[in-house]
J.: 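Just passing along the structure, written as structure tokens.
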There are 2 protein chains.
Amino acid sequence: MSTVSKAVSLLELFTLHEPEIGLSDLARRAGLDKATARRLLMALAGHRLIEQEPKSRRYRLGAGLSRLARIRDAHFPFVRLAAPVIRELSLETGETVHLSEFSAGALLTLHVELSAKANRVNVDVGQVLPLHGTASGIAFLAASRLEVVSAYLEKPLQAFTAHTMTGPETLAKAIAFAAASGYSRSSQGYEEGVHSIGAAILGADGQPVGTLSVASPVSRIDDAIAASQGEAAVRAARMISARLTGEG
Amino acid sequence: MSTVSKAVSLLELFTLHEPEIGLSDLARRAGLDKATARRLLMALAGHRLIEQEPKSRRYRLGAGLSRLARIRDAHFPFVRLAAPVIRELSLETGETVHLSEFSAGALLTLHVELSAKANRVNVDVGQVLPLHGTASGIAFLAASRLEVVSAYLEKPLQAFTAHTMTGPETLAKAIAFAAASGYSRSSQGYEEGVHSIGAAILGADGQPVGTLSVASPVSRIDDAIAASQGEAAVRAARMISARLTGEG
DNA sequence: CCCAATCGGTTCACTATTTGAACCAGTGTT
DNA sequence: AACACTGGTTCAAATAGTGAACCGATTGGG
């Protein structure tokens with residue numbers, strides 16, 4: 001494993017729920033020696049990717065990350081353009097809607113608008129979703145080139161619940177449905193009790209760059225509602241695609 | 001130099017004006033061998049800190065950075081905590097007030113509250129300000145460790161207007177004033193006709209993390225007004241520092 | 001109150017990772 | 001067609017990374 005990888009995996013230990021971590025803890029969780037972890041942290045701190053709280057001596061993510069993220073977001077304003085559309089879709093459907101970007105073989109959750117209802121699906125920004133087993137993933141695959149799809153389906157696929165689609169035929173059918181209708185549907189494929197509608201967002205080259213997804217408690221969904229959510233999701237995804245390619 | 005440092009310095013080559021860079025270019029500018037640069041980029045890409053545009057094969061900052069930055073910002077909400085204080089200061093002084101964060105040798109404008117007056121100073125979010133020549137910068141230097149200051153002053157300093165302070169003695173005097181009074185004063189050092197009062201905002205470790213600045217048309221300012229703006233700026237900066245360190 | 005078990009941090013002999021010159025193949029330019 | 005670039009790869013040599021053992025300072029349970 002490369003040193004760089006080890007350093008970055010230290011950064012990845014920080015989460016929304018645990019934004020400050022001590023040295024020993026970091027080392028343990030990253031599977032590194034304390035001395036190694038400390039050296040890596042110092043290197044990261046030198047570039048402001050890590051900061052240390054002087055009182056508690058615990059470490060946290062640094063300002064340099066905000067800077068780099070600003071540079072990226074200015075150039076690739078996916079979230080900025082999509083957020084209002086996501087919000088609108090959340091209000092229209094009354095459900096939680098989230099936006100994901102494809103990166104390194106999976107979907108990374110970038111933005112979430114939670115439903116106002118008490119009984120709602122909660123999704124966290126930063127969550128990584130697999131391409132199979134989520135409505136978003138199926139929608140993404142349906143919009144991808146065939147070679148990408150078959151390459152992905154060749155690998156063994158993990159089942160997350162008893163409902164996760166892992167068989168090639170089952171998946172092919174779901175992908176075909178998404179390709180035909182523009183939206184995908186997944187019931188409890190990733191988490192029990194959660195129903196999702198997904199739609200792909202296309203970049204300027206026509207290739208999918210990410211997805212959006214409407215997530216509801218399965219108890220609230222029937223075929224008619226799913227279909228109306230699907231149509232709304234497709235409209236929203238097209239709107240974002242248009243904005244991305246400069247038509248907005 | 002550590003491998004981690006080299007990898008991060010690759011990330012730091014990307015800017016708002018140049019968000020995509022090719023391999024050879026990256027290697028050249030970072031002073032690394034092409035093979036080395038590529039290996040580091042691949043390691044970074046594995047964690048989504050870098051992405052590669054498949055067509056042009058050029059590299060750009062990755063989505064993982066946005067994810068990490070969001071985690072940091074949720075926990076260390078500089079802008080969120082400072083914004084109401086900035087607004088209050090703007091109302092109190094009747095002038096434009098802006099908030100900056102130190103990053104990579106300069107001050108990055110994060111937030112602006114514009115004056116309600118017709119004749120006012122306009123500042124843009126995202127603007128990068130040099131440490132010399134702006135009141136914010138002088139205030140920042142005055143709060144920094146001596147070694148940081150002397151390292152900065154050793155480099156040749158650009159003059160932005162006929163009034164820009166570039167001489168070491170002049171700057172030392174301005175820094176000494178800021179250190180003594182808590183606020184700095186700069187008249188037309190960065191832009192003609194603009195008078196600024198700056199004050200440093202300190203992090204939990206007592207080191208400055210950023211600044212705030214009151215900017216007025218020079219025609220509205222006399223020594224008494226400047227002094228009262230200075231005191232108000234110091235109060236506001238202290239308030240934000242206190243909030244940042246968890247005392248709010 | 002004390003002892004044991006943490007904590008953050010440091011050292012240095014050992015070793016595994018990183019390095020870079022030389023090498024592809026491909027793509028414009030002249 | 002020759003040239004000067006690109007991005008990408010290889011492998012022996014050299015450098016940077018590693019971790020067990022060690023601090024002194026806190027912390028918390030008995």
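Everything numeric here is computed off the predicted structure, so don't read it as measured data. Throughout, protein chains are lettered first and strands after them, A, B, ... in sequence-line order, and every chain is numbered starting at 1.
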J.: Has B/Tyr59 got a side-chain N or O lying under 4.0 Å from the OP1 or OP2 atom of D/dT6?
T.: no
J.: Identify whether any heavy atom of A/Arg28 sits under 4.0 Å from a base atom; if not, whether one sits that close to sugar-phosphate; answer base, sugar-phosphate or nothing.
T.: sugar-phosphate
J.: Nearest-Å distance, CG (B/Asp33) to P (D/dT15)?
T.: 15 Å
J.: Mind calculating the distance between CZ (B/Arg39) and C1' (D/dT9) to the nearest angstrom?
T.: 12 Å
J.: Looking only at heavy atoms, which two atoms of A/Ala200 and A/Ala237 are closest? And how far apart?
T.: O-CB, 3.4 Å
J.: Quiz question: going by heavy-atom distance under 3.5 Å, is there a donor-acceptor pair between the base of D/dG8 and the side chain of B/Lys34?
T.: yes
J.: Name the residue closer to the 5' end of DNA chain C, choosing between A/Ala35 and B/Lys6 according to the nucleotide with the nearest heavy atom.
T.: A/Ala35
J.: Quick one: is A/Arg38 getting a side-chain N or O under 4.0 Å of the C/dT10 phosphate, OP1 or OP2?
T.: yes
J.: Calculate the interatomic distance between A/Leu32 atom CG and C/dG8 atom C1'; express it in whole Å.
T.: 16 Å
J.: For A/His132 and A/Thr166, does a side-chain donor sit closer than 3.5 Å to a side-chain acceptor?
T.: no
J.: Atom CG of B/Asp25 and atom P of D/dG8: how far apart are they, to the nearest Å?
T.: 14 Å
J.: Within the structure, does a side-chain N or O atom of B/Thr3 lie under 4.0 Å from either OP1 or OP2 of C/dT18?
T.: no
J.: Report the distance from atom NZ of A/Lys6 to atom CG of A/Leu10, rounding to the nearest 0.5 Å.
T.: 10.5 Å
J.: I want to confirm an ordering. Mapping A/Gly31 and B/Ser56 to their closest nucleotides on DNA chain D, which one lands closer to the 5' end?
T.: B/Ser56
J.: Let me spell it out: for each of A/Ser24 and B/Ser2, pick the nucleotide of DNA chain C with the closest heavy atom. Which residue's pick is nearer the 5' end?
T.: A/Ser24
J.: Does the side chain to side chain donor-acceptor pair (under 3.5 Å) test come out yes or no for B/Ser5 and A/His47, once each step is laid out?
T.: CA-CA 7 Å; B/Ser5 232; A/His47 293 266; 2.7 Å; yes
